[in-house]
Amino acid sequence: MPTKPNRLCSCGRVVASGVLCACQVAHRAEIDRRRPNAAARGYDGQWQKARAGFLAHHPHCEMLIVSGQRCGKPASVVDHIKPHRGDKRLFWLKSNWQPLCTHCHNSKKQRQERGQ
Ligand SMILES: [Zn+2]
Ligand SMILES: [Zn+2]
């Protein structure tokens, strides 16, 4: 059986072919340590996709400025009409989403923080 040749790692060590060098092992451990857990990653990716899809179909801010008149500026935020407060069901409920521009989203948040 032919033995595979050793390889020279970029760090200068000679390691057996197909085996991770100590420097690579350390590097991977470092990446794993910095990475948020899988659940958080999946959730983030899913929301980014859902958000982009929603904004593609609802490109204008729907904040009611005066009765019957909406803001209409380009929307960049998917806002939860009713605050979800960590409630997954409410979070993913599309009927609870509305497109807002940054300005309207900020002023809505400010009103909520003042308790109105
Ligand atoms: Zn190495
Ligand atoms: Zn707006």
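Atoms within each ligand, like the ligands themselves, are counted from 1 in listed order. Quick note: residue numbers are just sequence positions, from 1. Note that this is a predicted model, so its numbers are computed, not measured.
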* Asked: Taking the Zn ion (ligand 2) as the vertex, what is the angle from SG of Cys71 to SG of Cys104, given to 10 degrees?
  ->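 The two atoms subtend 110° at the Zn ion (ligand 2).
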
* To do: Kindly confirm whether the Zn ion (ligand 2) is within less than 2.8 Å of some N/O/S atom in Cys101?
  =>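 A backbone or side-chain N, O or S atom of Cys101 is under 2.8 Å from the Zn ion (ligand 2).
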
* To do: Examine His103 and say whether one of its N/O/S atoms is closer to the Zn ion (ligand 2) than 2.8 Å.
  =>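 Checking His103: none of its N, O or S atoms is under 2.8 Å.
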
* Within less than 2.8 Å of the Zn ion (ligand 1): protein N, O or S atom count ->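 That number is 4, waters not included.
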
* Asked: Would you call the rings of His80 and Trp47 parallel, tilted or perpendicular if under 30° counts as parallel and over 60° as perpendicular?
  ->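 If you compare the ring of His80 with that of Trp47, the planes turn out parallel.
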
Show the atom names and distances, to 0.1 Å, of all donor-acceptor pairs under 3.5 Å that link a side chain in residues 56-70 to residues at least two apart or in another chain.
residue, atom, partner, partner atom, Å
His57, ND1, Gly53, O, 3.0
His58, ND1, Phe54, O, 3.0
His60, ND1, Gly72, O, 3.4
Arg70, NH1, Glu62, O, 2.8

* To do: For Arg7 and Val19, indicate whether the former's side chain and the latter's backbone hold a donor-acceptor pair under 3.5 Å.
  =>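 Confirmed, Arg7 side chain pairs with Val19 backbone.
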
* Asked: Would you say the side-chain atoms of Trp97 pair up with the backbone N or O of Arg51, donor to acceptor, closer than 3.5 Å?
  ->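 No, because the side chain of Trp97 does not come within donor-acceptor range (under 3.5 Å) of the backbone of Arg51.
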
* To do: Please step through side-chain contact (heavy atoms from CB on, under 4.5 Å) for the pair Leu93 and Lys82, ending with a clear verdict.
  => CA-CA 10 Å; Leu93 191 67; Lys82 205 172 135 192; over 6 Å; no

* To do: Answer with yes or no whether the hydrophobic clustering places Phe91 together with Leu55; edges join I, L, V, M, F, W, Y residues whose side-chain heavy atoms lie under 4.5 Å apart.
  =>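 Same hydrophobic cluster.
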
* Side-chain heavy-atom pair Arg33, Glu30 within 4.5 angstrom cut-off ->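 Result yes, sub-4.5 Å side-chain heavy-atom pair found.
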
